[in-house]
Amino acid sequence: MENPRPGTDAAADIDRAALTRLVERFRRQHALRLRRTASRLMGRQRRALEALPMLYHRNHPALPGYVGPDVPAGISGFTPRPDDLVAIKRVARSYDEPRLTPRQSDLQAIFIMGSGGTVGHGSASDIDLWVCCDTLLHSALWPKVRMIDQWAGELGLELHTFLVDPDVLRVRQRLPGTRIPTLVLDEFYRSGALMAGRHPLWWLIAAEDPETYQSVAERLLRRRFVTPEAVVDFGPVPAFPAEELAQAAITELDRALTTPHKSLLKLKLMEAYARAPELGTVSGAYKARMHAGETDPLRLDPYLLLYEHVRRYLDASGRGDQIPFVRRLLMGKTAENARVPHLASAATQTESALLQRFLGWGFGADDVARFRELEDWTMAERQSEHRRIMTALEDGLALVENLVDGATGAPPPDPLLGPGDGHQLHWMNETRLRHLQFAMSRLRDRGPAAIPTLHPALVGRRRLVPLTLDWDASGWHAREGGDTVMSRPRAVEIAVWAELNGATLRPQRADATVTRDLAQILQGFRGPHRRHYAFLNAEPGEAETVGDDSGLTIRPDPLRYVGYQHLTLSTLDVVSRGDDGHWRADHARADDLPLLLARMLARPPSSVAW
């Protein structure tokens with residue numbers, strides 16, 4: 001058996017050669033992630049990424065990020081290779097590597113984590129960087145970190161660097177910049193890639209429960225199977241606290257209001273972690289496959305592993321009917337990297353394999369291609385996807401409400417682990433939940449008077465969906481390829497609906513009056529932002545008194561610059577946006593018209609466009 005079995009007391013059960021092979025297997029897989037990350041960046045972005053190890057290994061005036069001679073530098077166990085020297089020369093031509101290698105090694109390791117190098121890494125993805133060192137060095141290193149992040153941003157690479165003390169994370173479960181350190185550690189283990197320095201001790205220990213992990217780690221270090229100078233120990237992934245799951249679920253649900261496919265997929269993972277902890281973790285599944293000798297990049301990809309975990313959860317809970325939608329979520333997030341085979345590199349082989357995975361699920365190549373460009377979707381496709389997303393959002397909101405209630409009822413945290421973080425997180429979760437409930441209400445349908453709007457991610461702005469406008473005795477109809485996608489009783493409502501949902505309307509029949517009225521409605525709605533838009537329908541008529549049964553009369557302007565002496569108001573349409581973000585249309589004619597008109601006239605003039 002190749003893999004070590006460090007779970008017993010016999011030293012003979014640990015094979016040094018097997019440990020070495022396991023470390024090399026992880027290193028090769030991480031190096032592949034780094035190459036794939038670089039391959040998806042533009043030239044200047046790639047140069048910035050490849051220079052990062054040398055920027056933190058050396059502290060030299062010629063290098064970006066230099067702030068002074070006394071800044072921590074040097075990565076433990078890192079010896080610059082020719083590729084590293086070429087990379088640093090590309091960003092600092094005047095830099096020369098010193099002949100006498102400095103012995104300074106203040107930093108333990110640097111990693112990237114997140115979507116970098118995964119099938120979910122897109123052209124707009126950012127890079128999270130972990131620089132591991134003692135907490136006592138953080139204040140001296142922060143100025144350099146900020147300068148390097150700013151320098152990378154100037155080259156087009158969105159870089160977010162975090163200073164991490166592994167001992168603090170392992171012992172106290174505290175991590176700068178986040179209130180969900182346990183979940184972040186799980187994500188780090190499954191998605192991180194070692195750039196330079198010590199490798200995680202976690203790689204070598206198959207056990208996941210904290211007690212066994214700790215005993216095996218002590219044994220490996222005590223008997224010198226692993227030297228402390230070669231590893232960095234973040235500890236195992238402990239059980240996820242209820243308040244962390246609630247916090248993460250709220251965050252993902254909030255993000256799903258703008259980026260549904262990626263965030264709803266992660267929200268499903270939070271649901272699986274909360275309701276089926278016996279299934280383990282995604283990071284645990286990743287390590288198990290690495291220990292088993294898996295080399296297929298797709299089977300080791302964090303997003304595919306995440307999907308597999310959610311699929312197992314849904315099958316186990318008897319909700320297999322939701323799996324097709326989860327597959328759509330995965331495809332929506334990763335379709336950019338599912339491409340036709342081109343055997344020039346390992347990365348394109350993975351992209352081809354991802355496409356084959358989607359085809360095996362019953363999607364066509366055209367389906368995958370359409371997910372790369374939502375702007376090309378038809379209105380019917382957008383409406384169908386909106387219904388699926390809204391169902392998932394409602395399920396997610398119910399999950400968050402249950403998690404927040406459960407976390408609030410949890411026992412108080414240990415005061416030795418932090419200054420009241422648990423209680424503070426309970427309060428924050430409850431506050432954020434109320435804001436989230438309000439935001440969710442904006443996407444719900446509010447009855448016949450409401451003008452329905454699609455999820456913002458499905459509303460195109462660069463390419464508007466062309467629709468034809470037809471009308472009959474029952475109202476106005478927007479049609480697409482012969483199918484009716486929306487019907488409303490008033491022209492104002494159908495025009496505003498099209499404007500809010502990224503569509504254009506072209507009258508199906510030549511009618512100058514309809515064309516003119518449609519243009520006037522859109523011109524008024526596209527004007528300065530108002531809470532209320534009042535559309536007056538008036539016709540020329542004889543002078544009437546205000547109390548006359550024939551309706552209201554607009555008296556002629558004294559300067560007589562209008563075209564008609566008298567305009568008799570026949571109907572009034574008011575489109576309003578409420579405090580909850582919903583758009584609604586109110587219509588009045590005959591007896592109801594004076595009341596609605598009076599209501600509009602009583603509002604502040606700056607809030608109404610006439």
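Using a 3.5 Å distance cut-off with no hydrogens or angles, the side chains of His160 and Asp149 do not pair a donor with an acceptor. For the 3.5 Å distance criterion, the side chains of Gln45 and Glu158 fail to qualify, holding no donor opposite an acceptor. For the residue pair Arg40/Ser125, the side-chain donor-acceptor check at 3.5 Å is not satisfied. When only modelled atom types and interatomic distance are considered, Ser576 and His532 share a side-chain donor-acceptor pair under 3.5 Å. A donor atom on one side chain and an acceptor atom on the other are not found under 3.5 Å apart for Ser115 and His121.
Arg490 contributes no side-chain N or O that, together with a main-chain N or O of His587, makes up a donor-acceptor pair within less than 3.5 Å. A donor-acceptor pair is defined here as one N or O able to donate and one able to accept, closer than 3.5 Å; such a pair exists between the side chain of Arg44 and the backbone of Glu154. The backbone N or O of Ile180 lies less than 3.5 Å from a partner atom in the side chain of Thr178, making a donor-acceptor pair. His582 contributes a side-chain N or O that, together with a main-chain N or O of Ser441, makes up a donor-acceptor pair within less than 3.5 Å. With hydrogens and angles disregarded, a donor-acceptor distance shorter than 3.5 Å links the side chain of Asn402 to the backbone of Ala398. With hydrogens and angles ignored, the 3.5 Å screen pairs no side-chain donor or acceptor of Arg388 with any backbone N or O of Phe325. Between the side chain of Thr391 and the backbone N or O of Arg387 there is at least one donor-acceptor pair closer than 3.5 Å. Panel note: side chain Thr484, backbone His477; no donor-acceptor pair is recorded below 3.5 Å. Under a 3.5 Å cut-off, the side chain of Arg506 and the backbone N or O of Thr468 do not form any donor-acceptor pair. Remark: the backbone N or O of Gln247 is paired with a side-chain donor or acceptor of Thr251 at under 3.5 angstrom.
Remark: Arg599 engages no residue in a side-chain hydrogen bond (donor to acceptor under 3.5 Å, both in side chains) (not counting sequence neighbours).
Inter-residue side-chain proximity for Asp186 and Tyr273 is flagged as met; some heavy-atom pair is nearer than 4.5 Å. In this structure, the side chains of Glu480 and Thr378 come closer than 4.5 Å at one or more pairs of heavy atoms. Considering only heavy atoms from C-beta on, Phe535 stays 4.5 Å or farther from Leu572 through its side chain. Here the side chains of Pro456 and Leu443 are in contact, with some heavy-atom distance below 4.5 Å. A 4.5 Å side-chain heavy-atom check between Arg479 and Gln508 finds at least one atom pair inside the cut-off. At least one side-chain heavy atom of Trp610 sits less than 4.5 Å from a side-chain heavy atom of Leu536. You'll find the side chain of Gln523 stays beyond 4.5 Å of the side chain of Leu518, heavy atoms only. In this structure, Trp471 and Ile494 have side chains that are not in contact, with every pair of non-hydrogen atoms separated by 4.5 Å or more.
The heavy-atom pair separating Phe162 from Pro176 by the smallest distance is CD2-O, 4.0 Å. Closest approach of Pro507 and Thr515 over heavy atoms only: CG-OG1, 3.8 Å. Minimum heavy-atom separation, Pro302 to Val282: O-CG1, 4.4 Å.
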- Query: Are Asp573 and Asp586 close enough, and set up right, to give a side-chain contact (heavy atoms from CB on, under 4.5 Å), and what steps lead you there?
  - Reply: CA-CA 6 Å; Asp573 294 283; Asp586 293 293; over 6 Å; no
- Trace of the side-chain contact (heavy atoms from CB on, under 4.5 Å) decision for Val459 with Leu500: CA-CA 8 Å; Val459 178; Leu500 293 175; over 6 Å; no
- Query: What do the steps show when you test Asp579 against Arg531 for salt bridge (charged side-chain N to carboxylate O under 4.0 Å, His left out), and what is the final call?
  - Reply: CA-CA 9 Å; Asp579 293 334; Arg531 292 198 60 176; 2.7 Å; yes
- Message: The test is salt bridge (charged side-chain N to carboxylate O under 4.0 Å, His left out); show your working for Asp376 and Arg370 and say whether it passes.
- Response: CA-CA 7 Å; Asp376 293 334; Arg370 292 186 75 77; 5.9 Å; no
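Taken to the nearest 0.5 Å, the CG atom of Leu399 stands 10.0 Å off from the CD1 atom of Ile250. Put simply, CG on Leu397 and CD on Gln437 are 5.5 Å apart, with the number rounded to the nearest 0.5 Å. Between the CD atom in Glu244 and the CG atom in Leu403 there is a gap of 12.0 Å [rounded to 0.5 Å]. The NE2 atom of His261 sits 4.5 Å away from the CD1 atom of Ile389 when rounded to the nearest 0.5 Å. Expressed to the nearest 0.5 Å, how far CG of Leu454 lies from CH2 of Trp377 amounts to 11.0 Å. With values rounded to the nearest 0.5 angstrom, Ser607 atom OG is found 8.0 Å from Met600 atom CE.
Applying the salt bridge (Lys or Arg N to Asp or Glu O under 4.0 Å) rule to pairs touching residues 255-270 yields Glu187-Lys266, Glu252-Arg255, Lys268-Glu271, sequence neighbours excluded.
Ion pairing of Arg463 with Glu375 is absent here, as no side-chain N (NZ or NE/NH1/NH2) approaches a carboxylate O to less than 4.0 Å. Taking 4.0 Å as the cut-off between side-chain N and carboxylate O, Glu394 and Arg444 count as a salt-bridged pair. Ion pairing between Arg328 and Glu385 holds under the 4.0 Å rule for side-chain N and carboxylate O. Under 4.0 Å is where a charged nitrogen must lie from a carboxylate oxygen, and between Arg526 and Glu499 at least one such pair does.
Taking the six-membered ring where tryptophan is involved, the planes of Phe525 and Tyr533 are tilted, since the angle between them lies from 30° to 60°. Using a 30° and 60° split on the angle between ring planes, Trp361 and Tyr307 fall in the tilted class, from 30° to 60°.
Counting non-hydrogen atoms of neighbouring residues, nucleotides and ligands closer than 6.0 angstrom, the CZ atom of Arg509 exceeds 12 such neighbours. For CG of Asp472, the number of neighbouring non-hydrogen atoms (other residues, nucleotides, ligands) closer than 6.0 Å is greater than 12. The environment of Arg319 atom CZ is dense: over 12 non-hydrogen atoms of other residues, nucleotides or ligands sit within 6.0 angstrom. Under a cut-off of 6.0 angstrom, the local environment of CG in Asp321 is crowded, with over 12 non-hydrogen atoms contributed by other residues, nucleotides or ligands.
Both tests do not hold together for Arg146 against Trp151: distance to the six-membered ring centre under 6.0 Å, angle to the ring axis within 45°.
In summary, of the residues considered (Thr334, Leu305, Asp301), a side-chain contact (heavy atoms from CB on, under 4.5 Å) with Thr118 occurs for Asp301 alone.
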